[in-house]
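What follows is a set of notes on a single structure, which appears directly below.
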Amino acid sequence: MSSDKQSDKIFKALAAPVRREILDVLKDHPKTTGDLCARFPKLDRCSVMQHLKVLEGADLVLVKREGRERWNHLNPLPIKAIHDRWIGAYAARAVDMLDKMKRDLEG
């Protein structure tokens, strides 16, 4: 899959607030699907599973099955790739511009 298509999947997955919340929940520790369903009582199990499927398709969530349990793990590497591609370069330029402005103001 091309880098642009993968980036599109990641951005699509991150576009939904509930999916970002799921990633926040997974940030510190993996959770079972049942744990995630309990964390989002306004959503039925099918909806949680659909959101997880989108996150898994974007490689943001890795799934490990243990018996009857499905453990969902955050995969931070796609987010880092987005940061490196879309944020890091822009942030570095902004910092350089602020540094130049500071030097100009200090004369």
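Residue numbers run from 1 in the order of the sequence given.
- Nearest heavy atom pair, residue Ala13 against residue Ala58, reads CB-CB, 3.8 Å.
- In this structure, Leu77 is not a member of the same hydrophobic cluster as Leu74, with clusters built from ILVMFWY side-chain heavy atoms closer than 4.5 Å.
- Taking 4.5 Å as the limit, some side-chain heavy atom of Lys80 sits within range of a side-chain heavy atom of Asp84.
- Taken together through direct or relayed side-chain contacts under 4.5 Å among Ile, Leu, Val, Met, Phe, Trp and Tyr, Val18 and Leu26 form part of one hydrophobic cluster.
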> Does the pair Ile79 and His83 meet the rule for a side-chain contact (heavy atoms from CB on, under 4.5 Å), with working shown?
Replying inline: CA-CA 6 Å; Ile79 295 171; His83 174 272; 5.6 Å; no
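- Atom CZ of Phe11 and atom CG of Asp4 lie 10.0 Å apart (nearest 0.5 Å).
- At distances below 3.5 Å, at least one donor-acceptor pair connects side-chain atoms of Asn75 with backbone N or O atoms of Asp59.
- Note on Ile10 and Tyr90: same hydrophobic cluster, where clusters join Ile, Leu, Val, Met, Phe, Trp and Tyr whose side-chain heavy atoms are under 4.5 Å apart, directly or indirectly.
- Between the side chain of Arg19 and the backbone N or O of Lys12 there is at least one donor-acceptor pair closer than 3.5 Å.
- In terms of hydrophobic clustering, with Ile, Leu, Val, Met, Phe, Trp and Tyr side chains grouped at heavy-atom distances under 4.5 Å, Phe40 and Val54 are assigned to different clusters.
- How far CG of Asp104 is from CG of Asp99: 9.5 Å, rounded to the nearest 0.5 Å.
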> side-chain contact (heavy atoms from CB on, under 4.5 Å) between Leu14 and Leu60: does it pass, once the steps are laid out?
Replying inline: CA-CA 9 Å; Leu14 294 174; Leu60 291 165; 4.1 Å; yes
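- Lys102 has its side chain out of reach of Leu98: every pair of non-hydrogen atoms, C-beta onward, lies at least 4.5 Å apart.
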> Yes or no on side-chain contact (heavy atoms from CB on, under 4.5 Å) for Met49 and Lys53, after CA distance, side-chain angles and deciding distance?
Replying inline: CA-CA 6 Å; Met49 291 293 294; Lys53 184 176 179 178; over 6 Å; no
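- Two residues are said to be in side-chain contact when any heavy atoms from C-beta on lie closer than 4.5 Å; Ile22 and Arg39 fail this criterion.
- A donor-acceptor pair shorter than 3.5 Å can be found between the side chains of Ser47 and Asp44.
- The side-chain heavy atoms of Lys100 and Asp96, taken from C-beta on, include no pair separated by under 4.5 Å.
- Rounding to the nearest 0.5 Å places CZ of Arg65 at 14.0 Å from CH2 of Trp71.
- Within a 6.0 Å radius of CZ in Arg20, more than 12 heavy atoms belonging to other residues, nucleotides or ligands are found.
- Using a distance-only test at 3.5 Å, with no hydrogens or angles considered, no donor-acceptor pair links the side chain of Glu56 to the main chain of Leu62.
- Heavy atoms only, all atoms of each residue included: Ala38 and Pro41 are closest at O-CD, 3.7 Å.
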> Is there a side-chain contact (heavy atoms from CB on, under 4.5 Å) between His51 and Leu36 once you walk through the steps?
Replying inline: CA-CA 11 Å; His51 286 297; Leu36 290 172; over 6 Å; no
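- A distance of 4.5 Å separates OG1 of Thr33 from CZ of Arg70, quoted to the nearest 0.5 Å.
- One finds the CD atom of Glu21 at 9.0 Å from the CG atom of Leu43 (value rounded to the nearest 0.5 Å).
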